[in-house]
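Keep in mind it's a predicted model, so treat the numbers as computed, not measured.
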Amino acid sequence: MAKTATYCSDCYNKVGRTEDAQIQAAEKSGQIPMTGQGTCCKCSKATVVVFYEN
């Protein structure tokens, strides 16, 4: 299943929720964010990341 860009928690709040149209659309449709190990698409930190499945 496809998923949105992955963000660490800091970038998710600072960038994902304000600038990423896919994240904003997922939130508006009531989807629940998922978490998992990965790399943040903004700061490239390997950590727990937040994303939505489309």
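Checking side-chain atoms of Q24 against main-chain N and O of T18 turns up a donor-acceptor pair under 3.5 Å.
Residue E27 comes nearest to Y52 through the heavy atom pair CG-OH, 3.1 Å, listed as atom of the first residue, atom of the second, then distance. Residues D20 and A5 approach most closely at OD2-CB, 3.9 Å, considering heavy atoms. The two atoms that bring C40 and V49 nearest to each other are N-CG1, 3.8 Å, heavy atoms only.
Rounded to the nearest 0.5 angstrom, Q31 CD and I23 CD1 are separated by 9.5 Å. M34 CE to F51 CZ: the interatomic distance, rounded to the nearest 0.5 Å, is 5.0 Å.
In this structure, the side chains of T6 and V50 stay at 4.5 Å or more apart for every pair of heavy atoms.
Sorted by first and then second residue, the side chain to side chain donor-acceptor pair (under 3.5 Å) pairs involving residues 34-47 (not counting sequence neighbours) form an empty list.
Using a 3.5 Å distance cut-off with no hydrogens or angles, the side chains of N13 and Y7 do not pair a donor with an acceptor.
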